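Before we start, here is the structure in question, set down as structure tokens.
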Amino acid sequence: VRANNLTALLRIYFRFKKSIAGTYKVTATRLNIRQGAGILKKVIICIPKYTEVKCYGYYTKALGVDWLYVQFTYNGKKYTGFASAKYLAK
């Protein structure tokens, strides 16, 4: 998928807000990164407190909770998934 096409797809499925873009740190002791928004979605990886993740402004809501679409590298491997905004701080 080309970058322009990917951006178009993201805008269909996610909301975009420039103000939420940035680097965040995990505030919970451990945070589940999921394949989709919501606690019923499959966990990709669980990351520890203070791990940095990047959000490029895309998010979605599940049961009234904002779930940020994030990217990060952990133990040398790159991940992309959803994290609850409740447990992230800029």
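Values reported hereafter were calculated over all heavy atoms of this structure, with side chains retained and with hydrogens, waters and symmetry mates removed. Predicted, not measured: the structure shown is a model, and the values here were computed from it. Quick note: residue numbers are just sequence positions, from 1.
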Report task. Decide side-chain contact (heavy atoms from CB on, under 4.5 Å) for K17 and Y59; before the verdict, give the C-alpha distance in whole Å, the side-chain angles of both, and the deciding distance to 0.1 Å. Result -> CA-CA 8 Å; K17 190 186 294 183; Y59 73 102; 3.9 Å; yes
Query raised in the report: Is the backbone N or O of A21 less than 3.5 Å from a side-chain atom of K90, with the two atoms forming a donor-acceptor pair by type?
Result: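 Looks like yes, one N/O pair under 3.5 Å.
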Query raised in the report: Are side-chain heavy atoms of F72 and I45 found at a separation under 4.5 Å?
Result: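 Result yes, sub-4.5 Å side-chain heavy-atom pair found.
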Requested in this report: Dump the intermediate steps for side-chain contact (heavy atoms from CB on, under 4.5 Å) on Y56 and Q71, then the final yes or no.
Outcome: CA-CA 9 Å; Y56 295 97; Q71 292 182 332; 3.2 Å; yes
Report task. Have a look at C46 and tell me which of I33, L31, N32, T29 forms a side-chain contact (heavy atoms from CB on, under 4.5 Å) with it. Result ->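 For C46, the side-chain contact (heavy atoms from CB on, under 4.5 Å) test succeeds with only one of I33, L31, N32, T29, which is N32.
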Query raised in the report: Taking C-beta and beyond as the side chain, do I47 and V53 meet within less than 4.5 Å on heavy atoms?
Result: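 Side-chain contact under 4.5 Å: yes.
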Query raised in the report: Are K49 and K25 side-chain neighbours, meaning at least one heavy-atom pair lies under 4.5 Å?
Result: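 A side-chain contact is absent here, since even the closest heavy-atom pair is not under 4.5 Å.
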Requested in this report: Report the distance from atom OG1 of T73 to atom CD of E52, rounding to the nearest 0.5 Å.
Outcome: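 Separation between the atoms: 11.0 Å.
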Query raised in the report: Do the ring centers of Y79 and Y74 come within less than 6.0 Å of each other?
Result: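 No - the distance between ring centres of Y79 and Y74 does not fall below the 6.0 Å cut-off.
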Query raised in the report: Do any N or O atoms from the side chain of R34 and from the backbone of A83 form a donor-acceptor pair under 3.5 angstrom?
Result: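 It does not hold such a pair.
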Query - Heavy-atom check, side chain of F82 versus side chain of T60, under 4.5 Å - result: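 In contact.
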**Report entry** 4.5 Å side-chain heavy-atom contact, C55 and Y24
**Finding:**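 The answer is yes, as the side chains (C-beta and beyond) meet within the 4.5 Å cut-off.
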Query raised in the report: Does a side-chain heavy-atom distance below 4.5 Å link L68 with I20?
Result: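 Yes; the side chains approach each other to less than 4.5 Å.
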Requested in this report: Decide whether W67 and V43 are clustered together by the hydrophobic rule: side chain heavy atoms of Ile, Leu, Val, Met, Phe, Trp, Tyr closer than 4.5 Å, transitively.
Outcome: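 No: no chain of side-chain contacts under 4.5 Å links W67 to V43.
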Query raised in the report: Are V26 and I44 in one and the same hydrophobic cluster, where Ile, Leu, Val, Met, Phe, Trp and Tyr link if side-chain heavy atoms are under 4.5 Å apart?
Result: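 Cluster IDs for V26 and I44 match.
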